[in-house]
K.L.:
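The structure follows.
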2 protein chains.
Amino acid sequence: MAPVSPRRRIPEATVARLPVYHRSLTELKESGVTTVSSEQLADLAGVNAAKVRKDLSYLGSYGTRGVGYEVEYLLFQIDRELGFANDLGVVIVGLGNLGQALANYDGFGDRGFPVTALVDADPAKVGSTLHGMQVQHIDDIESIFADGDLTIGIIATPAAAAQGVADRLVAAGVRSILNFAPTVVTVPDGVHLRKVDLALELQILGFYEQRDATEAVNAADSDS
Amino acid sequence: MAPVSPRRRIPEATVARLPVYHRSLTELKESGVTTVSSEQLADLAGVNAAKVRKDLSYLGSYGTRGVGYEVEYLLFQIDRELGFANDLGVVIVGLGNLGQALANYDGFGDRGFPVTALVDADPAKVGSTLHGMQVQHIDDIESIFADGDLTIGIIATPAAAAQGVADRLVAAGVRSILNFAPTVVTVPDGVHLRKVDLALELQILGFYEQRDATEAVNAADSDS
DNA sequence: TAGTGTGAATTTCTTCACAGCG
DNA sequence: CGCTGTGAAGAAATTCACACTA
């Protein structure tokens, strides 16, 4: 059998942009557009055209010189690369405010990531129904993942519980984790971990507000 | 007056890590630790020690050779850099599942970003109370920001409404926006925009699951 | 002597610019 | 002719390695 992907490794920065192109292409497809140039796609994705071309070139040569890219075909290729064939289930651990919102958030299922289980440690929550699903106890986590389906674990617990949950997820065989708890979580090699830290984003914005304000003051100083 | 910040510009990547150091240092302070080495801080923050030292060096020379950094003093410096002095208010626009969760999320207020207003376009929601706050109508947005306090706008609307909301926020004088809507939003120069795209994170994880699975198959092939 | 601060080396990412193809 | 695909240049971020000093 010929090697399936002898293509050079796709850079991380590119991987992070593929879903954005995917979304833009889906919109184009839905509005009946069949062909798109790197320039147009760049506009939709909020990046520049050179980057689009370079990014897409890692997937292969799917464009047509002088014309552009065929929307549907390109979409198919990105789908394949992102593993849209296999619907990855999502298990949400921790059903406080954020966890509950995530459980009810349709954006996951809409984009191919159905929520397949809800888990909490609080006996008061276990057994209750959320988004048409029974909340299960964290101690049953092994059996929840026992079916062997590829699954992503979402940690939406308080910070103090996050590492423990991560350890249990890993022990249960989970290889992809998305951490919403505002703390650093470490996982063994081979397990993929990404984090979303809401307050951190605000702090970053705060830095720039602060800096701009300071600059304005300094500029005023040198005026005088 | 002497220039306050003639220091070289702080790289973006460093800015994004300062809040993480901040959190780790806060924990250290709370457990009574007074001094920390770059190595220890690196462990807590989940990065390597060289990076910590380089990052901190952009703030100034606040360490002591042979000893490390004084926790409290370093914390103070990062606080100052992140603009913790001025409590930045947060206005949440869009009170669907996610917006409501964000409104109830204590993590913002706890970290110095009190939610100061809730806004929606749906007349059914306007006037109702959430997290002890009356929901206001998007048309009143100008008056909400009229007091001139520095404020961050959070967009938690459906994708289709996001750009319009961003435009109105900018028109009302908002200079920092955090966008949760799964779509590209553009803002004029001088306005800071960050995005959090939940499903996008899952798609990135999906890519790596997919790739690992493919690699495993290929490895098995070359075995045979 | 332990650990910072930082030039220099390396790697990664972005952008340029243009040859080459449809 | 128009737009892709990509080497090469440039910029940003990371890591190395060690002089220096409290």
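All chains are named by letter (A, B, ...) in the order of the sequence lines, taking the proteins before the strands, and each is independently numbered beginning at 1.
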K.L.:
Figure out the CG/P separation between A:Asp55 and C:dT12, and round it to whole Å.
P.N.:
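That distance rounds to 16 Å.
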K.L.:
What verdict does the side-chain contact (heavy atoms from CB on, under 4.5 Å) test give for A:Leu98 and A:Leu198, after you've listed the backbone C-alpha separation in whole Å, the side-chain angles of each residue and the deciding distance to 0.1 Å?
P.N.:
CA-CA 11 Å; A:Leu98 187 61; A:Leu198 304 178; 4.2 Å; yes
K.L.:
OH of B:Tyr62 versus P of D:dT21: gap in Å, rounded?
P.N.:
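Rounded to the whole Å, the gap is 20 Å.
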K.L.:
Rounded to whole Å, please give me the gap between OH in A:Tyr58 and C1' in D:dG5.
P.N.:
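For the pair A:Tyr58 OH and D:dG5 C1', the rounded distance is 11 Å.
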K.L.:
Between B:Leu56 and A:Arg17, which is nearer to the 5' end of DNA chain C once each is assigned its nearest nucleotide?
P.N.:
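Its nearest nucleotide being more 5', the pick is B:Leu56.
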K.L.:
Tell me which nucleotide among C:dG20, C:dT15, D:dC16 gets nearest to the side chain of A:Lys54.
P.N.:
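Ranking C:dG20, C:dT15, D:dC16 by closest atom to the A:Lys54 side chain puts C:dT15 first.
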K.L.:
To the nearest angstrom, how far is A:Asn48 atom CG from D:dC3 atom C1'?
P.N.:
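So the CG-C1' distance, A:Asn48 to D:dC3, works out to 15 Å.
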K.L.:
At under 4.0 Å, does any side-chain N or O of A:Thr64 touch on OP1 or OP2 of D:dT4?
P.N.:
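So the side-chain polar atoms of A:Thr64 never come under 4.0 Å of the phosphate oxygens OP1 or OP2 of D:dT4.
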K.L.:
Can you tell me if the side-chain N/O atoms of A:Ser38 get under 4.0 Å from OP1 or OP2 in D:dT4?
P.N.:
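So the side-chain polar atoms of A:Ser38 do come within 4.0 Å of the phosphate oxygens OP1 or OP2 of D:dT4, strictly under.
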K.L.:
State which of D:dC16, C:dG22, C:dG3 makes the closest approach to the side chain of B:Arg65.
P.N.:
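The answer is C:dG3, which lies nearest to the side chain.
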K.L.:
Which nucleotide in the list C:dC13, D:dT4, C:dT15 gets nearest to the side chain of A:Lys51?
P.N.:
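Selected nucleotide: C:dT15.
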K.L.:
For B:Glu70 and B:Thr35, test the side chains for any donor-to-acceptor distance below 3.5 angstrom and give the result as yes or no.
P.N.:
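No donor-acceptor contact under 3.5 Å links the two side chains.
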K.L.:
Regarding B:Arg111 and B:Asp106, does a basic nitrogen lie under 4.0 Å from an acidic carboxylate oxygen?
P.N.:
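Looking at B:Asp106 together with B:Arg111, the answer is no, because their closest N to O distance does not fall below 4.0 Å.
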K.L.:
Check whether the ring centres of B:Tyr69 and B:Tyr62 lie less than 6.0 Å apart, and answer yes or no.
P.N.:
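Centroid separation for B:Tyr69 and B:Tyr62: 6.0 Å or greater.
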K.L.:
Going by atom types alone, do A:Asn104 and A:Gln100 pair a side-chain donor with an acceptor below 3.5 Å?
P.N.:
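Side-chain D/A pair, A:Asn104 to A:Gln100: absent.
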K.L.:
For A:Glu39, answer base if it contacts any base atom (sugar-phosphate contacts may also be present), sugar-phosphate if it contacts only those atoms, and nothing otherwise; contact means non-hydrogen atoms under 4.0 Å.
P.N.:
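Nothing, no nucleic acid heavy atom in range.
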K.L.:
Measure from CD1 on B:Ile10 to P on D:dA13 and round the result to the nearest Å.
P.N.:
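For the pair B:Ile10 CD1 and D:dA13 P, the rounded distance is 12 Å.
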K.L.:
Side chain of B:Ser37: nearest nucleotide among D:dA13, C:dG3, D:dG5?
P.N.:
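Nearest to the side chain of B:Ser37 among the choices is C:dG3.
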K.L.:
A:Arg53 side chain: which of D:dT6, D:dC16, C:dG3 is closest?
P.N.:
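Nearest to the side-chain atoms of A:Arg53, counting from C-beta on, is D:dT6.
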K.L.:
Measure CG/B:Leu59 against C1'/C:dG5 and give the value in whole Å, please.
P.N.:
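That distance rounds to 13 Å.
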K.L.:
Could you tell me how far apart A:Leu41 (CG) and D:dT4 (C1') are, to the nearest whole angstrom?
P.N.:
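One finds 13 Å between C1' of D:dT4 and CG of A:Leu41, rounded.
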K.L.:
May I ask you to verify if any side-chain N or O of B:Tyr69 is less than 4.0 angstrom from the OP1 or OP2 atom of C:dA2?
P.N.:
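For C:dA2, OP1/OP2 do not have a side-chain N/O of B:Tyr69 under 4.0 Å.
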K.L.:
Using whole Å, report how far CZ of B:Arg9 lies from C1' of D:dA11.
P.N.:
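Rounded to the whole Å, the gap is 11 Å.
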